[in-house]
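Some notes on the structure that comes next.
Hydrogens, waters and symmetry mates play no part in the numbers below; they use all other heavy atoms, side chains included. Positions are given from 1 along the sequence. Order of listing sets the numbers, starting from 1, for every ligand and every atom in it.
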Amino acid sequence: MKIILIKYGELTTKSGNRNLFITILYNNIKKALSNYNVKIIRNRVRMFIETEDDIENIVNILKNIFGIHSIVVATKVNTNIEEIESTSLDIAKRISFKTFKVETNRSDKSFPISSMDFSKRIGGLILKNIPDIKVDVHNPEYLMKIEIRNDYTYIYDKEIPGAGGYPVGVAGKGLLMLSGGIDSPVAAYMAMKRGIKVQCVYFESPPHTSEMAKNKVKKLVLELTKYEPSITLHIVKFTDIQEAIYKNIDPTYMITIMRRMMYRIAEKIMEKEGSLCLINGESVGQVASQTLTSMKVINAVTNVPVIRPVACLDKLEIIDIARKIGTYEISILPYEDCCTIFLPKHPVINPSLKSAEEFEKSFDYEKLILEAVEKREIIKIEKKDMVFDI
Ligand code: ATP
Ligand code: MG
C-alpha cells in the first residue's frame, strides 16, 4: 500500500513547542486536503497520510504547506522480514538502474537484525535477482531507503523537498497591507513562511480606483490560499481621506501623510482582529516614501511591530520570488492603485516629522479614520469555487 510520509521542518528544533507545532501543522494539512478522502496519523517525528485518492495531486498541495521538511511517497508493509524482502525486491524490479544502495533506519530496536546487516541482506537479495547491477555506496543511481518502525515498515526512494518554514499560525496573527503590486504578496508569503497567520487589508479609492483593481487584489489573495487555505481580506474605502489630503496637504507631503493614514487605519483593524503586527511590502530606497527618513516619519504613528519581509531585497530578488509563488503574473496586470492616481510629481524624500504633524492639523482625520475602519468590507477568501474576473 502506498502512503505519504511527512518529515517535519524546523519545528523539530523547537522541542518545547513541539506538540503545538505538530497540532497546528496537522490542522493545516487537514484543511488543505479537505476535498480529499485522507486519513492522517501523526507522531512526534512523522506524519502519515493514507488515501485512495490521487497521490500526485495531494503531494502538490503538500509542497506549499509550511512546516514540512520533505515529503515521501512510500510503500507500507508490515514489519516482518519476509514481507519486507519480497516487497523491496518487487519495487527494485520495477525500476531501471545500474548501481544502487540500500539504507536502513530502525527505530524499532527489538527488530532482530541491525540496520547495517539488514541493508546488506536486502542488497544481496536484489543483486542475486536482478542481472547486470552493482552496489555503489558513494554515488548510487538508485537509493532504496527502508524505515523500520514498530508495526510497519516504509520503503521509498525519492524525498521531495517541502516548503520549509513554520506551520502557518504558530507565530500568531499579522495584518498585511496588500496592494496590487509585486512586493506585498511576496511579503505575505515570507511572513506566512515564518508561521504568521496573515489577514490582509486593501485600501481602495472608488471611483478613482476601479472594481477591476479590487478584483486583482482578491485574485492575489486567492493565489495566496495555496499557503493559507482561508484568508480574510479587509477592504477599506480610502476615498474621503485621500480627497481631504489632496485638498489640504502640500503636494510634496501627500504621500507621507497618506501612508501615515494607512498605518493608523491598519493598526486599528489589527487590534480589532487580535493580530500582533503589521506587515507590508516596503523595500528600503525603492521609492520616495521608502527612504529610511520617510519610513521613520511614517512609522511614527504606531508602536506596533511593523514587519517588512522584503525590506532588504533587490527588486529582482522580489520578482524571482513572486514568479515562484505564482503572484507575479497577477501583480503586473495594469490596474491603477490608490497611491498612483494621486501621485505628486515631486514627493519629499526627507520629510520631517514636525512638518508632517503640522500638515495633518489641517483636517479632522480622526473622524475619517474611524469611519473608514467601521465601514470596511470583510470577506473571507477560500479556494473553493471562487473566481475573480479581471
Ligand atoms: P510595487 O511592487 O509596485 O512596489 P507595492 O505593493 O510595493 O507595489 P508601494 O507603493 O511600493 O507598492 O507600497 C509599499 C507598500 O505599502 C506595499 O507593499 C503595501 O504593503 C502597502 N500599500 C501600498 N498601497 C496599498 C493599498 N492600496 N492597500 C494596502 N496596502 C498598500
Ligand atoms: Mg514597492
**Side chain, backbone, both or neither: the part of Leu176 lying under 4.0 Å from ligand 1 by heavy atom** = neither
**Request:** Return the option from Asp183, Ile265, Val186 holding the heavy atom at the smallest distance from atom 7 (O) of ligand 1.
**Result:** Asp183
**Ligand-residue contact atoms, ligand 1 with Asn280, heavy atoms, under 4.0 Å** = 20 (O)
**Option whose closest heavy atom lies nearest to atom 5 (P) of ligand 1, chosen from Ala188, Gly281, Ser179, Ala213** = Ser179
**Prompt:** Can you tell which part of Lys315 has a heavy atom less than 4.0 Å from ligand 1: side chain, backbone, both or neither?
**Reply:** side chain
Determine all donor-acceptor pairs shorter than 3.5 Å in which one atom belongs to a side chain in residues 358-366; sequence neighbours excluded.
from: Glu358; atom 1: OE1; to: Lys361; atom 2: NZ; distance (Å): 3.3
from: Glu360; atom 1: OE1; to: Arg260; atom 2: NH2; distance (Å): 3.1
from: Glu360; atom 1: OE1; to: Arg264; atom 2: NH2; distance (Å): 2.9
from: Glu360; atom 1: OE2; to: Arg260; atom 2: NE; distance (Å): 2.7
from: Glu360; atom 1: OE2; to: Arg264; atom 2: NH1; distance (Å): 3.0
from: Ser362; atom 1: OG; to: Phe359; atom 2: O; distance (Å): 2.6
from: Tyr365; atom 1: OH; to: Arg264; atom 2: NH2; distance (Å): 3.4

Acceptor/donor pairs from residues 303-313 side chains to any protein atom, 3.5 angstrom cut, sequence neighbours excluded:
from: Arg308; atom 1: NE; to: Glu282; atom 2: OE1; distance (Å): 2.7
from: Arg308; atom 1: NH2; to: Tyr263; atom 2: OH; distance (Å): 3.1
from: Arg308; atom 1: NH2; to: Glu282; atom 2: OE1; distance (Å): 3.4
from: Arg308; atom 1: NH2; to: Asn299; atom 2: OD1; distance (Å): 3.0

**Item:** Atoms of ligand 1 close to Ile182 [distance to a heavy atom under 4.0 angstrom, numbered from 1]
**Value:** 1 (P), 2 (O), 8 (O)
**Prompt:** Which option, Gln290, Glu282, Met262, owns the non-hydrogen atom nearest atom 9 (P) of ligand 1?
**Reply:** Gln290
**Asked** Has ligand 1 got any nitrogen or oxygen that is less than 3.5 angstrom from a nitrogen or oxygen of Phe203?
**Response** yes
**Message:** Please determine whether any non-hydrogen atom of Glu204 lies less than 4.0 Å from an atom of ligand 1.
**Reply:** no
**Asked** Do Glu159 and His69 meet the criterion of a side-chain donor-acceptor pair at a distance under 3.5 Å?
**Response** no
**Prompt:** Is it true that the NZ or CZ of Arg106 lies under 6.0 Å from the centre of Phe111's six-membered ring and within 45 degrees of the ring axis?
**Reply:** no
**Request:** Would you please classify the geometry between the Phe21 ring and the Tyr166 ring as parallel, tilted or perpendicular, with 30° and 60° separating the classes?
**Result:** perpendicular
**Asked** Is there a donor-acceptor pair closer than 3.5 Å between any side-chain N or O of Ser184 and the backbone N or O of Ser179?
**Response** yes
**Request:** Run the numbers for me: atoms of ligand 1, each under 4.0 Å from some heavy atom of Val201, listed by number.
**Result:** 29 (C)
**Item:** Name of the residue among Ile24, Asn28, Ile65, Val198 meeting side-chain contact (heavy atoms from CB on, under 4.5 Å) with Val168
**Value:** Asn28
